[in-house]
Every structure is written in structure tokens, then in C-alpha cells.
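Position 1 is the first residue of the sequence, and the numbers go up from there.
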Amino acid sequence: MMIIGLVLAMVAILIDLMAVILWRSPSKDNPEDMPRPMVSVLVAMRNEEHNVKGLIQSLRNLDYPEERIEFLIGEDRSSDRTFQLLEQEIGADTRFRIIRILEDIPGLVAKANVIGQLMAKSHTQYYFITDADVRVPASWITSLLAGLGKNDGAVGGTTVVKVKNLWTGLQNMDWLLAQGLLSVARGLFGPQAISGTNMMVTKDACEAIGGYEKIPYSLTEDIGLLTAIKK
């Protein structure tokens with residue numbers, strides 16, 4: 001059994017090394033030279049009172065023209081102080097809109113239901129989607145826009161785990177290696193997955209698949225969305 005375990009470990013290490021060697025970011029224009037279209041940032045929130053302040057601060061720190069961005073926060077019937085804290089943290093910042101989610105779109109549940117309703121209230125052609133517990137970097141918008149090709153309907157980014165101790169450090173290594181393998185697979189077979197915590201999808205792509213509510217049911221709405229766009 002020990003020999004089998006060592007062999008499997010060696011195979012895993014070789015695969016991981018291949019991912020590191022072959023993982024290459026696509027060559028794109030300098031993000032600083034890219035156009036700055038109107039964009040929407042969509043976030044679903046339910047019982048996230050402990051993430052409100054960090055999320056809003058993170059979004060406010062985005063390096064993107066204030067007049068060309070809107071933030072749609074879907075408050076999904078929280079039982080804690082999420083809504084009250086959102087109002088308090090946002091204050092008079094007119095870029096933010098809190099959308100109270102009071103019903104479900106048939107066929108959509110949880111986060112997918114919230115994002116579907118936020119898209120319907122967006123005023124732009126580009127939807128940027130993240131989660132309440134994610135802290136996006138200042139260059140998030142410009143970086144994903146820079147990765148958008150002429151015929152692309154969605155762009156995903158790389159997400160890391162915040163390292164606080166040995167356990168979270170190991171989680172981060174595992175997560176990065178998994179994303180590296182997916183990047184290698186993308187080069188060989190086309191895109192296989194996209195992170196729903198760090199992605200951008202175009203309005204044209206959503207309309208082409210018949211709207212967000214037409215995505216076949218999936219436990220992971222991000223993979224369901226990518227699968228529909230690929231088809």
C-alpha cells in the first residue's frame with residue numbers, strides 16, 4: 001500500500017509541475033490602454049453581516065471611472081443585519097443600489113436566483129460577478145475586460161485563498177494548482193470551468209442563451225452558465 005501511495009503522490013506532483021510549467025496567461029493588450037465601457041458589478045448576499053464592510057470597501061477601491069460603474073447588491077431575505085449594515089455602509093453613494101430579493105425566478109435558486117434578478121435591473125452590457133466574502137483587487141474590472149476577445153461571452157479570473165495559517169496555506173496551494181490544471185485543459189480542450197466568484201459575462205451572451213433563467217439547473221450556476229454560453 002505504501003508503494004502505491006508513493007506512486008500516486010509522484011503522479012500528482014508530476015501533473016502539478018506540468019500545470020505550473022504550461023500555465024500561461026493569454027497575451028492581451030495593456031489593460032491601461034483598454035476602453036472603459038459602462039459596467040455592472042453584481043453581488044448576491046444572504047446573512048453576510050460580517051462581510052458587508054470589507055466588501056463595500058473593496059468595491060470602492062476599484063481603479064475604474066466612478067461614472068462608468070454601478071454596483072447592484074442583491075439582499076436575499078437575510079435573517080441577520082445584512083440589509084441594515086449595507087444601508088449604513090453605502091450611505092449616499094449613488095453608485096450602489098440595494099435590491100431586495102423577495103421572490104424566486106422559476107427554475108433558479110439561491111445565488112443564481114439573485115444574480116438573474118440583478119441582471120434584469122442592470123443598465124450596462126457587462127456583468128461582473130463576485131461573492132460577499134471576496135475582496136477584489138483594484139485592477140479587477142480592467143483586467144477582466146482586457147481578457148475579453150472579440151467572440152468571447154465570458155471571462156474568468158484566478159482567485160486565491162487568504163493565507164492565515166498552515167491549513168489555509170495548504171488550501172490556497174491546492175486551489176491554485178487546480179486552477180492551473182484547468183488552464184492547461186482550456187488550452188487543450190477549450191474552457192471547462194469558470195469561477196462564479198470572479199467572472200465577467202456579457203449581456204449579449206446572456207441574451208443569446210435566452211436569459212439567465214434559461215440556464216439548465218446546476219448546483220454550480222457558474223458552470224451552468226459557461227456550458228450554456230459554449231453551446
Side-chain angles (χ1 to χ4, degrees), residues 38-64 66-124 126-141 144 156-157 159-165 167-168 171-172 175 194-201 203 206 211-213 215 217-225:
M38 288 290 299
V39 302
S40 300
V41 175
L42 315 180
V43 185
M45 300 188 73
R46 176 184 286 181
N47 296 333
E48 295 280 2
E49 61 180 12
H50 56 293
N51 279 317
V52 169
K53 185 172 183 179
L55 170 71
I56 301 303
Q57 288 180 345
S58 172
L59 297 181
R60 281 191 170 129
N61 289 335
L62 285 169
D63 184 14
Y64 201 78
E66 293 187 2
E67 70 279 5
R68 306 197 69 76
I69 190 169
E70 66 174 2
F71 302 103
L72 304 184
I73 311 297
E75 195 288 301
D76 189 17
R77 295 160 279 194
S78 298
S79 58
D80 63 5
R81 298 179 61 239
T82 296
F83 177 69
Q84 292 81 358
L85 291 176
L86 278 171
E87 286 191 313
Q88 176 181 317
E89 193 66 30
I90 291 171
D93 194 334
T94 56
R95 295 175 300 165
F96 287 84
R97 283 193 287 160
I98 305 173
I99 311 297
R100 304 297 299 271
I101 305 299
L102 304 176
E103 57 185 20
D104 295 330
I105 298 175
L108 296 183
V109 297
K111 177 183 175 181
N113 174 61
V114 178
I115 296 301
Q117 295 190 46
L118 295 182
M119 284 183 175
K121 296 182 180 298
S122 167
H123 297 142
T124 78
Y126 302 92
Y127 309 133
F128 288 77
I129 303 172
T130 189
D131 280 356
D133 61 348
V134 174
R135 304 295 173 258
V136 297
S139 61
W140 184 49
I141 302 294
L144 290 188
T159 306
V160 299
V161 176
K162 185 174 182 179
V163 177
K164 300 178 180 179
N165 49 44
W167 174 245
T168 54
Q171 284 183 309
N172 187 44
W175 182 231
I194 195 168
S195 173
T197 67
N198 184 358
M199 63 181 283
M200 182 267 285
V201 60
K203 181 177 182 180
C206 288
Y212 203 79
E213 63 276 10
I215 300 172
Y217 173 74
S218 171
L219 291 175
T220 50
E221 78 289 335
D222 45 1
I223 294 179
L225 176 62

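Contact detail for C206 and V201: the closest heavy-atom pair is SG-CG2, 3.9 Å. Pairing each heavy atom of W140 with each of M199, the nearest pair is CZ2-O, 4.2 Å. A pairwise comparison of heavy atoms in V43 and L118 identifies O-CD1, 3.6 Å as the closest pair.
Using a 4.5 Å heavy-atom threshold, the side chains of I69 and M38 count as separate. At least one side-chain heavy atom of L144 sits under 4.5 Å from a side-chain heavy atom of F128. The closest side-chain heavy-atom distance from K203 to Y127 is below 4.5 Å.
Evaluation of the ring-ring contact (aromatic ring centres under 6.0 Å, His included) rule for F71 yields F96 as partners, not counting sequence neighbours. For D93, the salt bridge (charged side-chain N to carboxylate O under 4.0 Å, His left out) partners two or more places apart in sequence, or in a different chain, are R60, R95. Every residue two or more places apart in sequence or in another chain that forms a side chain to side chain contact (heavy atoms under 4.5 Å, CB included) with Q57 is listed here: K53, E89. Under the side chain to side chain contact (heavy atoms under 4.5 Å, CB included) criterion, K162 pairs with K164, sequence neighbours left out. The side-chain hydrogen bond (donor to acceptor under 3.5 Å, both in side chains) test applied to S58 returns no partner, not counting sequence neighbours. Among residues two or more places apart in sequence or in another chain, the salt bridge (charged side-chain N to carboxylate O under 4.0 Å, His left out) test is passed with E49 by none. Residues that satisfy the side-chain hydrogen bond (donor to acceptor under 3.5 Å, both in side chains) test with R77, not counting sequence neighbours, are D104. When the salt bridge (charged side-chain N to carboxylate O under 4.0 Å, His left out) test is applied to R135, no partner is found at least two apart in sequence or on another chain. Residues forming a side chain to side chain contact (heavy atoms under 4.5 Å, CB included) with S195 (at least two apart in sequence, or on another chain): T159, T197, N198. Partners of T94 according to the side-chain hydrogen bond (donor to acceptor under 3.5 Å, both in side chains) rule, which considers only residues two or more places apart in sequence or in another chain, do not exist here. Residues passing the salt bridge (charged side-chain N to carboxylate O under 4.0 Å, His left out) test with R68, sequence neighbours excluded: none. Under the side-chain hydrogen bond (donor to acceptor under 3.5 Å, both in side chains) criterion, T130 pairs with no residue, sequence neighbours left out.
Between H50 atom NE2 and L85 atom CG the span is 11.5 Å, to the nearest 0.5 Å. A distance of 9.5 Å separates CZ of R100 from CG of L86, quoted to the nearest 0.5 Å. Taking CD of Q117 as the reference point, atom CD1 of I105 lies at 4.5 Å (rounded to 0.5 Å).
In this structure a side-chain-to-backbone donor-acceptor pair under 3.5 Å is missing from E48 to D80. Without hydrogens or angle criteria, D131 side chain to V134 main chain gives no donor-acceptor distance under 3.5 Å. For the pair S122 (side chain) and S40 (backbone), a donor-acceptor distance under 3.5 Å is absent. Between the side chain of E70 and the backbone N or O of V41 there is no donor-acceptor pair closer than 3.5 Å. K111 places a side-chain N or O within donor-acceptor distance of the main-chain N or O of G196, the cut-off being under 3.5 Å. A donor-acceptor distance shorter than 3.5 angstrom exists from the side chain of E75 to the backbone of S78, with no hydrogens or angles considered.
Atom CD of E67 has more than 12 neighbouring heavy atoms from other residues, nucleotides or ligands inside a 6.0 Å radius.
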Candidate pair I115 and I129, rule side chain to side chain contact (heavy atoms under 4.5 Å, CB included), full reasoning: CA-CA 8 Å; I115 296 301; I129 303 172; 3.9 Å; yes
Chi angles and distances behind the side chain to side chain contact (heavy atoms under 4.5 Å, CB included) call for V52, E87: CA-CA 10 Å; V52 169; E87 286 191 313; over 6 Å; no
Worked check of side chain to side chain contact (heavy atoms under 4.5 Å, CB included) between I141 and M200: CA-CA 9 Å; I141 302 294; M200 182 267 285; over 6 Å; no
Residue pair T82, N47: steps toward the side-chain hydrogen bond (donor to acceptor under 3.5 Å, both in side chains) verdict: CA-CA 6 Å; T82 296; N47 296 333; 5.1 Å; no
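Screening I98, D133, L55, D76 for a side-chain contact (heavy atoms from CB on, under 4.5 Å) with M45, the sole residue that qualifies is L55.
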